[in-house]
Number of protein chains: 2
Amino acid sequence: MDCCPPLHSPLDEDDAVELAAVLKALADPARLRLLSIIGSASDGWACACDLHEPLDRSQPTVSHHLSTLVKAGLVEREQRGKWAWFRVRPERIDAVRQALDLGTLPISG
Amino acid sequence: MDCCPPLHSPLDEDDAVELAAVLKALADPARLRLLSIIGSASDGWACACDLHEPLDRSQPTVSHHLSTLVKAGLVEREQRGKWAWFRVRPERIDAVRQALDLGTLPISG
DNA sequence: TCATCGATTCGATGACCATCGATACATCAA
DNA sequence: TTGATGTATCGATGGTCATCGAATCGATGA
């Protein structure tokens, strides 16, 4: 998936639904903080076991948010034995940023 | 409001709530299409009367979405006699794009 | 094989929200 | 002033989702 069509082009309903789905995955405080925490890991990878404590949410809730991020393609998951490790996919977030580009809008001039 | 703290900095709960609120306003197909349509207007301003038809939603629904966009600061409203006119505020959308910047993350190298 | 511990899934609950029809409000024209 | 029209608000409804505790799954080590 090449996510997502830019906002400055005429956005049909299907494209809008697709872009909205990714934005909805971002539009939650817990998930934004997860992205921030995971992205701040020294080598980019963070263990799930280190995530629920700083988030101050229950472990099942954090697991739910992580799977939401994975399903949206914003985060990558890797199983290492007993532990699950996660990594931000910056190219996906960049795609969202580009979709929100208004640079070619008349009003921006 | 200087919306919003960048994702690559440690995001505390308050900042995350604030950024999530703006993203939530964006995370709806109808509102994305509204932004797209309004932004495509020749002079940047679009009349509400021209918006519900291409959106294929009822007039009250479109009015609701427009007020959501205004409340989030993403769109500006101006009353011209009987008609309401709207304009995208690109600097606000740009602020969201910058908040999503991952450029300084270690993983992006 | 069994006990342990981390992680996910399940089920329930309460909150929020997109949507609509009906209504009310505001402005313009006659 | 009256009627027509554009817009916002109200109330209701159905759906989605964040959250949690409990249960389940899976891997490790004894």
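Proteins get letters first, then strands, A, B, ... in listed order; numbering begins at 1 in each. Excluded from the calculations below are hydrogen atoms, water molecules and symmetry mates; all remaining heavy atoms, backbone and side chain alike, are included.
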Practice problem: Rounded off to whole Å, could you give me the CG-to-P distance for the B:Leu34 and D:dT7 pair? | Solution: 13 Å
Exercise. Give the rounded distance in Å between these two atoms: CZ of B:Arg33 and C1' of C:dT19.
Key: 16 Å
Quiz item: Does the side chain of B:Ser58 reach to within under 4.5 Å of the side chain of B:Thr61, using non-hydrogen atoms?
Solution: yes
Self-check item: Length of the CG-C1' vector between B:Leu66 and D:dG6, whole Å
Solution: 13 Å
Quiz item: Just how far, in rounded Å, is C1' of D:dT9 from NZ of B:Lys71?
Solution: 13 Å
Which protein N or O atoms sit under 3.5 Å from an N or O of nucleotides 17-20 of chain D?
{"unit_1": "D:dA18", "atom_1": "OP1", "unit_2": "A:Arg31", "atom_2": "NH1", "d": "3.4"}
{"unit_1": "D:dA18", "atom_1": "OP1", "unit_2": "A:Arg31", "atom_2": "NH2", "d": "2.9"}
{"unit_1": "D:dA18", "atom_1": "OP2", "unit_2": "A:His64", "atom_2": "NE2", "d": "3.1"}
{"unit_1": "D:dT19", "atom_1": "OP1", "unit_2": "A:Arg57", "atom_2": "NE", "d": "3.0"}
{"unit_1": "D:dT19", "atom_1": "OP1", "unit_2": "A:Arg57", "atom_2": "NH2", "d": "3.4"}
{"unit_1": "D:dT19", "atom_1": "OP2", "unit_2": "A:His65", "atom_2": "NE2", "d": "2.3"}
{"unit_1": "D:dC20", "atom_1": "OP2", "unit_2": "A:Ser58", "atom_2": "N", "d": "3.1"}
{"unit_1": "D:dC20", "atom_1": "OP2", "unit_2": "A:Ser58", "atom_2": "OG", "d": "3.1"}
{"unit_1": "D:dC20", "atom_1": "OP2", "unit_2": "A:Thr61", "atom_2": "OG1", "d": "2.7"}

Quiz item: Does CD in A:Glu53 sit with more than 12 non-hydrogen atoms of other residues, nucleotides or ligands closer than 6.0 Å?
Solution: no
Quiz prompt | Pairs involving residues 44-79 of chain A, ordered by first then second residue, that meet disulfide bond (SG atoms under 2.5 Å apart) (sequence neighbours left out) | solution = A:Cys47-A:Cys49
Self-check item: Rounded distance (Å) that lies between atom P of C:dA18 and atom NE2 of B:His52
Solution: 18 Å
Practice problem: Output the single nucleotide from C:dC5, D:dA8, C:dT27 whose closest atom is nearest the side chain of B:Lys82. | Solution: C:dT27
Quiz prompt | B:Asp56 atom CG: more than 12 heavy-atom contacts under 6.0 Å | solution = no
Exercise. If D:dC25 has a Watson-Crick or G-U wobble mate with both distances under 3.5 Å, name it; if not, just say none.
Key: C:dG6
Practice problem: Identify, between A:Arg80 and B:Trp85, the residue whose nearest nucleotide on DNA chain D lies closer to the 5' end. | Solution: B:Trp85
Exercise. Send over the distance from B:Gln79 CD to D:dG6 P, rounded to a whole Å.
Key: 13 Å
Practice problem: Any chance you could measure A:Leu74, atom CG, to A:Thr68, atom OG1, to the nearest 0.5 Å? | Solution: 10.0 Å
Self-check item: Counterpart residues, side chain to side chain contact (heavy atoms under 4.5 Å, CB included), relative to B:Glu76 (two or more places apart)
Solution: B:Trp45, B:Arg87, B:Arg89
